Engineer: 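Encoded as structure tokens, here's the structure I'll be asking about.
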Amino acid sequence: MNETVKNARFGALALLSATLLVGGCRGDLRDPTGYSAPRDTSQVGAGTGGGGGGGGSSSELNGTWRATFLIELPDDVQRHTVTWSFLPNGSCHRSLEIYSVIEDRTITTGMDCSFRVGSGDVTITWSGNTQAVAFRWSLANFSRDKLMLDGVTYDRLA
């Protein structure tokens with residue numbers, strides 16, 4: 001395959017990924033993978049710290065969590081790995097790693113954030129943004145090693 005075709009395919013793949021990242025089929029706050037850009041959720045309020053409250057404390061959420069998704073495209077298979085890190089000081093980081101089989105390469109992006117834990121939800125404020133996004137969260141099957149974040153299960157890494 002010549003370099004022009006490879007570059008065109010990679011460009012189309014990047015455009016498709018960007019479309020998937022910001023597009024959504026629902027109008028509520030659900031964003032289980034954390035792919036989309038922060039949305040206007042002014043009714044939620046801004047989360048600026050990591051204090052505990054309600055049904056869960058930030059100490060249960062603290063740590064590094066990972067979920068992996070395989071996505072089959074017409075000309076490719078991709079592995080999307082989402083990793084969340086929640087620190088005791090209320091800061092967080094989300095990284096997205098996309099591996100393309102056809103391109104045999106990985107693209108990694110990351111975003112810093114802060115979080116505040118509420119009763120059954122965690123409010124994320126992305127760095128450089130004043131708007132917040134709320135995610136439902138719980139520990140799956142009473143295990144401290146399985147985080148449910150808006151219906152997606154993440155495994156504890158640390």
Side-chain angles (χ1 to χ4, degrees), residues 10-11 13-71 73 78-100 103 105-158:
F10 182 75
L13 184 61
L15 180 60
L16 175 62
S17 293
T19 302
L20 291 173
L21 293 176
V22 297
C25 58
R26 293 177 50 177
D28 62 7
L29 297 178
R30 189 177 193 298
D31 182 19
T33 61
Y35 288 176
S36 69
R39 293 173 275 179
D40 180 3
T41 57
S42 54
Q43 72 274 16
V44 173
T48 57
S57 71
S58 62
S59 64
E60 293 171 323
L61 190 60
N62 290 340
T64 302
W65 307 87
R66 177 173 291 157
T68 302
F69 308 89
L70 292 177
I71 299 173
L73 300 171
Q78 295 180 355
R79 181 185 64 225
H80 291 219
T81 304
V82 180
T83 305
W84 283 94
S85 294
F86 295 98
L87 302 177
N89 66 1
S91 64
C92 55
H93 182 83
R94 186 205 66 212
S95 66
L96 169 63
E97 190 177 278
I98 300 173
Y99 172 75
S100 165
E103 294 294 327
R105 67 188 245 182
T106 302
I107 299 170
T108 303
T109 61
M111 292 181 72
D112 291 323
C113 53
S114 61
F115 73 100
R116 185 187 52 178
V117 177
S119 178
D121 69 359
V122 58
T123 303
I124 304 292
T125 303
W126 304 105
S127 294
N129 195 331
T130 59
Q131 301 300 320
V133 178
F135 296 92
R136 291 179 316 275
W137 80 279
S138 65
L139 296 175
N141 300 325
F142 305 104
S143 170
R144 292 189 170 272
D145 295 325
K146 299 278 186 189
L147 170 67
M148 292 291 293
L149 196 57
D150 260 1
V152 174
T153 303
Y154 291 80
D155 295 312
R156 182 186 292 276
L157 298 179

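Residue indices begin at 1 and follow the sequence shown. Basis for what follows: all heavy atoms, side chains included, without hydrogens, waters or symmetry-related copies. For clarity, every value in this text was computed on a predicted model and none was experimentally measured.
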Engineer: I need the Ser138 OG to Leu61 CG distance, nearest 0.5 Å.
Structural biologist: 10.5 Å
Engineer: Measure the shortest side-chain to side-chain distance between Arg116 and Val122 over non-hydrogen atoms and say whether it is less than 4.5 angstrom.
Structural biologist: no
Engineer: Are Thr64 and Arg156 close enough that some pair of their side-chain heavy atoms sits under 4.5 Å apart?
Structural biologist: no
Engineer: To the nearest 0.5 Å, what is the distance between CG on Asn89 and CG on Asn62?
Structural biologist: 8.5 Å
Engineer: For the residue pair Ile124 and Phe86, establish whether any side-chain heavy-atom pair is separated by less than 4.5 Å.
Structural biologist: yes
Engineer: To the nearest 0.5 Å, what is the distance between CD1 (Ile71) and CZ (Arg79)?
Structural biologist: 12.0 Å
Engineer: Pairs in or reaching into residues 121-158: which pass disulfide bond (SG atoms under 2.5 Å apart), with residues at least two apart or in two chains?
Structural biologist: none
Engineer: When rounded to the nearest 0.5 angstrom, what distance separates CZ in Phe135 from CG in Asp121?
Structural biologist: 11.0 Å
Engineer: Does some side-chain heavy atom of Trp126 sit less than 4.5 Å from a side-chain heavy atom of Val133?
Structural biologist: yes
Engineer: Decide yes or no for Trp137 and Glu60: does some side-chain heavy atom of the first lie under 4.5 Å from some side-chain heavy atom of the second?
Structural biologist: yes
Engineer: Assess whether a salt bridge exists between Arg136 and Asp150, defined as any Lys/Arg side-chain N lying under 4.0 Å from an Asp/Glu carboxylate O.
Structural biologist: yes
Engineer: Please round to the nearest 0.5 Å and tell me the distance separating atom OG1 of Thr81 and atom CG of Leu96.
Structural biologist: 8.0 Å
Engineer: Apply salt bridge (charged side-chain N to carboxylate O under 4.0 Å, His left out) to Asp112 and list each qualifying residue two or more places apart in sequence or on a separate chain.
Structural biologist: none
Engineer: Using the side chain to side chain contact (heavy atoms under 4.5 Å, CB included) criterion, which residues pair with Thr108? Sequence neighbours excluded.
Structural biologist: Glu97, Thr106
Engineer: Provide the full list of disulfide bond (SG atoms under 2.5 Å apart) pairs with a residue in residues 111-158, sequence neighbours left out, each pair given once.
Structural biologist: Cys92-Cys113
Engineer: Side chains of Val82 and Phe69: does their closest heavy-atom pair fall under 4.5 Å?
Structural biologist: yes
Engineer: Can you find a side-chain donor-acceptor pair between Asn141 and Ser143 that sits under 3.5 Å?
Structural biologist: no
Engineer: Would you please name every residue forming a side-chain hydrogen bond (donor to acceptor under 3.5 Å, both in side chains) with Asp145, sequence neighbours left out?
Structural biologist: none
Engineer: Closest heavy-atom contact between Gln131 and Asn129?
Structural biologist: N-OD1, 2.8 Å
Engineer: With sequence neighbours left out, write down each residue that passes side-chain hydrogen bond (donor to acceptor under 3.5 Å, both in side chains) with Thr153, or none if nothing qualifies.
Structural biologist: none
Engineer: Looking at CH2 of Trp65 and CG of Asp155, how far apart are the two atoms once the value is rounded to the nearest 0.5 Å?
Structural biologist: 8.5 Å
